[in-house]
Amino acid sequence: MGNRGSIRRRGWSATRSEDGAAQGSAPTAPAASTPSTPSSSGGGSSAGSANQGSGQGSAGTGSNGKGTAAGAGSGDSAKGGKCRTDDLEITASDSTVGGDAEGTVAVQLKNRGSGDCTLSEYAGVDVKTSAGSLSAKRTGEHPGPAVLKTGTSVYFGVNYPLNTSGGSGVRITGLVVTPPDETKPVSLAWPGAATLPVTDGSGSPIKVGPIGSAGQGG
């Protein structure tokens with residue numbers, strides 16, 4: 001009996017001890033977990049913020065990378081970049097209409113590059129003659145930029161006085177075209193009238209229109 005009572009007491013005591021421990025630990029656990037949980041949550045939040053911040057940083061880098069890649073592409077006549085001389089097929093044809101007071105040569109610039117490119121304002125134009133080169137004067141118009149998709153063309157006009165004097169005039173020997181914002185020229189055969197009238201040399205009689213000022217179809 002003594003043993004059983006002892007056992008019971010021990011069992012009860014153990015039960016009380018376990019209950020007490022359980023009861024003691026129950027409030028203690030929340031108390032311990034309360035700072036622990038926010039701390040853990042805060043740590044996770046910090047880690048998440050760090051990860052999110054890191055992710056945002058990576059995205060920014062990627063965006064800049066893309067921006068840089070796009071910039072590099074534009075230098076190679078990618079979309080939105082300026083057309084380079086090496087990416088253009090440049091030709092010239094006689095566009096003079098009977099009865100016109102001036103002769104007209106239409107210059108075609110065709111994009112043969114791998115992406116879209118832009119041309120704006122004026123090309124540089126020099127007409128070579130037996131008496132030297134004549135630089136064309138700009139007409140002063142500003143029609144805005146032209147975007148050339150691969151395989152498409154834009155035109156501009158070169159106007160010059162017709163030699164109606166009956167004399168031999170000044171013989172034209174060639175045409176030099178430098179695309180806008182480029183320094184590399186292209187030399188072409190002159191397709192217009194063979195001569196210019198003799199002038200007093202006070203200024204160039206050649207005029208050049210802006211990109212898009214002439215149209216000759218595709």
Side-chain angles (χ1 to χ4, degrees), residues 77 79-113 115-218:
S77 294
K79 188 174 183 179
K82 293 181 179 180
C83 298
R84 309 299 300 270
T85 301
D86 290 339
D87 291 321
L88 294 171
E89 180 182 343
I90 303 175
T91 56
S93 60
D94 184 11
S95 255
T96 305
V97 177
D100 285 354
E102 293 183 314
T104 302
V105 166
V107 179
Q108 176 187 12
L109 301 98
K110 182 176 182 179
N111 180 10
R112 61 182 183 184
D116 299 355
C117 66
T118 303
L119 288 169
S120 60
E121 294 296 321
Y122 292 81
V125 171
D126 293 288
V127 175
K128 291 184 176 182
T129 75
S130 56
S133 292
L134 296 171
S135 295
K137 293 181 178 180
R138 298 179 177 184
T139 59
E141 302 165 86
H142 301 282
V147 177
L148 292 184
K149 295 185 177 297
T150 300
T152 63
S153 302
V154 69
Y155 299 79
F156 67 86
V158 178
N159 297 321
Y160 61 97
L162 296 171
N163 182 16
T164 58
S165 65
S168 59
V170 178
R171 185 168 56 89
I172 302 175
T173 60
L175 176 66
V176 179
V177 175
T178 306
D181 301 310
E182 281 289 281
T183 57
K184 184 177 181 179
V186 173
S187 295
L188 305 171
W190 175 256
T195 63
L196 292 173
V198 176
T199 64
D200 58 8
S202 59
S204 174
I206 313 296
K207 293 180 292 184
V208 56
I211 297 295
S213 63
Q216 299 293 318

Pairwise distance [atom1]([X]) to [atom2]([Y]) - rounded to 0.5 angstrom:
X      : Y      : atom1 : atom2 : value
Ile206 : Thr129 : CD1   : OG1   : 9.0 Å
Leu162 : Asp100 : CG    : CG    : 8.0 Å
Lys184 : Thr178 : NZ    : OG1   : 11.5 Å
Thr91  : Leu109 : OG1   : CG    : 8.0 Å
Glu121 : Arg138 : CD    : CZ    : 7.0 Å
Lys137 : Ser204 : NZ    : OG    : 6.5 Å

With distance as the sole test, does [X] use its side chain to make a donor-acceptor pair with the main-chain N or O of [Y] at under 3.5 Å?
X      : Y      : result
Thr173 : Lys128 : yes
Tyr122 : Glu141 : yes
Thr150 : Gly113 : yes
Ser120 : Gly144 : no
Asn111 : Leu148 : yes
Glu102 : Asn159 : no

With sequence neighbours excluded, tell me which residues meet ring-ring contact (aromatic ring centres under 6.0 Å, His included) with Phe156.
none
Side-chain touch [X]/[Y], heavy atoms, less than 4.5 angstrom:
X      : Y      : value
Leu88  : Leu119 : yes
Asp87  : Cys117 : no
Val107 : Val208 : no

Taking every non-hydrogen atom, the tightest pair across [X] and [Y]:
X      : Y      : result
Ser213 : Pro210 : OG-O, 2.7 Å
Tyr160 : Thr104 : CE2-N, 3.6 Å
Lys207 : Ala136 : C-CB, 4.2 Å
Gly169 : Val198 : CA-CG2, 4.0 Å
Thr139 : Gly209 : OG1-CA, 3.8 Å
Pro161 : Pro205 : CD-O, 3.4 Å

Residues in side chain to side chain donor-acceptor pair (under 3.5 Å) with Thr195, at least two apart?
Asn163
Assess the residue pair Val158 and Val177 against the criterion (side chain to side chain contact (heavy atoms under 4.5 Å, CB included)); give the C-alpha distance rounded to whole Å, side-chain angles, the decisive distance to 0.1 Å, and a yes or no.
CA-CA 11 Å; Val158 178; Val177 175; over 6 Å; no
